[in-house]
Amino acid sequence: MKRNRIIYTLLAMLLGMVIGSIVLILSGTNPIEAYKVIFVGAFGKPKYISWTVVKAVPLILTGLSVAFAFNTGLFNIGAEGQYIVGSIGALLAGLLLDLPPVIHGIVALVCGLFCGFIWGGLVGFFKAKFQVNEVISSIMMNWIAFYLSNYLLSFPLIRSIESDNSYPIKASASIRILGTWKRSGAGKEFLKQNKFLRDILNPPVNWGLIIAIIAAIIIWYILKKTTLGYELRAVGFNRKAAEYGGIDINKAIVKSMGIAGALAGLAGAITVLGVSGNIGMMAAQEGYGFDGMAVSLIAGNAPLGTIPAALLYAGLSYGGGKLTTIGTYSEVINIIVGIMILFIAMPKLLDTIKFFFTKWSGENKNKKMNTNSIKKNETDKVGGKK
């Protein structure tokens with residue numbers, strides 16, 4: 001089953017690239033040149049790799065959020081709202097609290113995670129208590145979170161004067177790697193002399209990648225190795241059977257959506273504390289929650305699969321932005337990703353493609369074996385006559 005999932009994902013990616021090539025040809029662009037620009041633009045320089053990783057971190061966590069909910073029989077379309085409230089919680093903690101370095105960053109991360117947990121838990125509560133479909137309620141909660149963030153930015157205590165952004169977080173709350181050192185005179189002088197390290201560290205590289213990888217491993221462990229994971233997956237597979245087995249369905253739903261919300265909230269917290277700390281929080285949706293759904297589907301809803309899927313998505317998005325340098329549109333990337341997701345969502349079609357490919361390969365193999373056999377028989381006959 002796991003092997004088939006990997007094959008389907010790779011096949012969907014290949015089909016996405018092929019159809020994307022057709023679109024590029026129709027727009028008058030050489031697809032080989034375009035894909036070269038995308039790859040080099042995402043991984044061609046240390047600076048590009050750093051930016052790709054930075055953009056992949058929130059995608060890992062929002063993808064993980066959607067994948068976790070899906071594994072427990074729920075569809076978390078509210079990762080964007082949970083991401084926003086997570087960024088609000090981290091911003092308020094990073095801006096208003098006065099704590100020592102490291103501790104301040106950890107507290108702010110926990111605040112963002114907790115806000116996401118509450119936001120996701122509310123969706124689970126509405127479903128468990130009032131049978132409100134989680135898709136409908138989570139979409140509503142997305143907009144509530146967005147306008148809540150805009151409302152908070154109307155307070156002089158939070159909003160920077162003559163700006164649509166909040167005040168920056170305190171330096172003690174930052175989770176950037178060597179953030180203070182890079183701003184110091186010695187750090188600037190060292191990086192000025194070392195181009196390689198300057199290219200790697202000048203983007204807002206932060207501890208988010210380590211946190212995201214640990215989160216993915218923890219979620220995998222919870223789902224596969226713990227009683228809690230067994231209960232949540234049992235509810236997702238068959239609620240009536242789970243209830244018959246003594247599992248509290250309502251509690252399981254609230255727990256599942258709460259954990260999913262916590263992961264998306266953590267993504268928002270990492271973005272505020274590690275990437276946009278200098279400008280705080282913006283009055284706009286960044287779309288990481290929605291992109292997380294695409295990452296989860298590309299990963300086949302596998303927790304550990306969200307890591308390479310997010311790196312792929314971030315690489316395509318960041319590298320695709322450079323397609324304008326060869327006179328084509330960066331929106332081609334959205335077409336490629338959309339086609340990948342379309343094929344991943346149609347396993348029966350991929351089954352059919354795989355069947356015909358296997359059959360064609362088998363027929364060619366048999367034909368080759370028969371041809372070789374005939375040649376061998378003819379050679380033996382000629383040898384016998386002699």
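Bear in mind that the values here come from a model prediction, so they are computed numbers and not experimental data. Nothing fancy with the numbering, it's 1 onward along the sequence.
- Looking at every heavy atom in both residues, L157 comes nearest to Y167 through O-CD1, 3.6 Å.
- For the pair N165 (side chain) and S160 (backbone), a donor-acceptor distance under 3.5 Å is absent.
- Environment of NZ in K170: crowded, with over 12 heavy atoms of neighbouring residues, nucleotides or ligands closer than 6.0 Å.
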Legend entry - From CA spacing to verdict: side-chain contact (heavy atoms from CB on, under 4.5 Å), I218, Y221: CA-CA 5 Å; I218 291 172; Y221 184 82; 5.6 Å; no
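- For the pair K322 and Y318, the cation-pi criterion (under 6.0 Å, within 45° of the ring axis) is fulfilled.
- Considering CD1 of I88 and OH of Y83, their distance stands at 11.5 Å, rounded to 0.5 Å.
- Cluster membership for W207 and L197, using ILVMFWY side-chain heavy atoms within less than 4.5 angstrom, is shared.
- F126 contributes atom CZ, which lies 11.5 Å from atom CE of M140 (distance to the nearest 0.5 angstrom).
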Inset, instruction - Given side-chain contact (heavy atoms from CB on, under 4.5 Å), test I60 with V295 step by step and report yes or no. - result: CA-CA 8 Å; I60 294 172; V295 169; over 6 Å; no
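- L91 CG to L96 CG: the interatomic distance, rounded to the nearest 0.5 Å, is 7.5 Å.
- Placement of V272 and F146 within a single hydrophobic cluster is found when ILVMFWY residues are connected by side-chain heavy-atom separations under 4.5 Å, directly or transitively.
- Looking at S256, its side chain never comes within 3.5 Å of a backbone N or O of I253 through a donor-acceptor pair.
- Within a 6.0 Å radius of OH in Y35, other residues, nucleotides and ligands contribute more than 12 heavy atoms.
- Residue F237 is found outside any hydrophobic cluster, as its side-chain heavy atoms come under 4.5 Å of no other Ile, Leu, Val, Met, Phe, Trp or Tyr.
- Under the 4.5 Å side-chain criterion, counting only non-hydrogen atoms from C-beta, I270 is not in contact with P58.
- Side chains of I118 and V85 form no contact here, defined as non-hydrogen atoms less than 4.5 Å apart.
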Inset, instruction - Would you please test S65 and Q82 for side-chain contact (heavy atoms from CB on, under 4.5 Å) and show each step? - result: CA-CA 10 Å; S65 172; Q82 295 147 16; 3.9 Å; yes
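- Connectivity analysis of hydrophobic side chains (ILVMFWY, heavy atoms under 4.5 Å, direct or indirect) links F70 to nothing; its cluster partners are none.
- Using a distance-only test at 3.5 Å, with no hydrogens or angles considered, a donor-acceptor pair links the side chain of N142 to the main chain of I77.
- Closest heavy-atom contact between A215 and L263: CB-CD2, 4.3 Å.
- Residues Y313 and L316 have side chains not in contact (no heavy-atom distance under 4.5 Å, counting atoms from C-beta outward).
- Side-chain atoms of R176 come within 3.5 Å of backbone N or O of V275 as a donor-acceptor pair.
- Qualifying salt bridge (charged side-chain N to carboxylate O under 4.0 Å, His left out) partners for K255, counting only residues two or more places apart in sequence or in other chains: none.
- Among all heavy-atom pairs drawn from A260 and N76, the shortest one is CB-ND2, 3.8 Å.
- Other members of a hydrophobic cluster containing I32 are absent, since no ILVMFWY side chain comes under 4.5 Å of it, directly or through relayed contacts.
- By the 30° and 60° cut-offs, the orientation of the rings of F155 relative to Y151 is perpendicular.
- Within the model, atoms OG of S296 and CZ of F75 stand 8.5 Å from one another, a figure rounded to the nearest 0.5 Å.
- In this structure, T72 contributes its side chain and L232 its backbone to no donor-acceptor pair below 3.5 Å.
- Note: L10 CG to M340 CE = 10.5 Å, rounded to the nearest 0.5 Å.
- Placement of I84 and W143 within a single hydrophobic cluster is found when ILVMFWY residues are connected by side-chain heavy-atom separations under 4.5 Å, directly or transitively.
- Linking ILVMFWY residues whenever their side-chain heavy atoms come closer than 4.5 Å, directly or via other members, leaves Y230 and M257 in distinct clusters.
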Distance-only check: which donor-acceptor pairs under 3.5 Å involve side-chain atoms of residues 42-50, not counting sequence neighbours?
{"from": "S50", "atom 1": "OG", "to": "P46", "atom 2": "O", "distance (Å)": "3.2"}
{"from": "S50", "atom 1": "OG", "to": "I200", "atom 2": "O", "distance (Å)": "2.8"}

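- The minimum heavy-atom distance linking A234 with I247 is given by the pair CB-CD1, 3.9 Å.
- Using modelled atom types, one side-chain atom of S21 and one backbone atom of M17 make a donor-acceptor pair closer than 3.5 Å.
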Inset, instruction - Before giving the answer on side-chain contact (heavy atoms from CB on, under 4.5 Å), spell out for V66 and T306 the whole-Å C-alpha distance, their side-chain angles and the decisive distance to 0.1 Å. - result: CA-CA 10 Å; V66 176; T306 57; over 6 Å; no
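- A single hydrophobic cluster is seen to contain both V132 and L74, as judged by linkage of ILVMFWY side chains at heavy-atom distances under 4.5 Å, directly or through other members.
- Here the closest non-hydrogen pair linking N206 and G274 is ND2-O, 3.4 Å.
- Within the 3.5 Å criterion, the main-chain N or O of D248 finds no donor-acceptor partner in the side chain of E243.
- The backbone N or O of N71 sits nowhere less than 3.5 Å from a side-chain atom of R233 that would complete a donor-acceptor pair.
- At least one side-chain heavy atom of T29 sits under 4.5 Å from a side-chain heavy atom of I326.
- Under a 3.5 Å cut-off, the side chain of T271 and the backbone N or O of A267 do form a donor-acceptor pair.
- Counting only distance, with no hydrogens or angles, the side chain of W51 and the backbone of P203 share no donor-acceptor pair below 3.5 Å.
- A search for ring-ring contact (aromatic ring centres under 6.0 Å, His included) contacts involving F117 returns nothing, not counting sequence neighbours.
- Residues F68 and L64 are not in side-chain contact: their nearest non-hydrogen atoms beyond the backbone lie 4.5 Å or more apart.
- The structure places CG of L342 at 13.0 Å from CD1 of I335, a figure rounded to the nearest 0.5 Å.
- Contact between V123 and S137 at its shortest, heavy atoms only, is CG1-OG, 3.3 Å.
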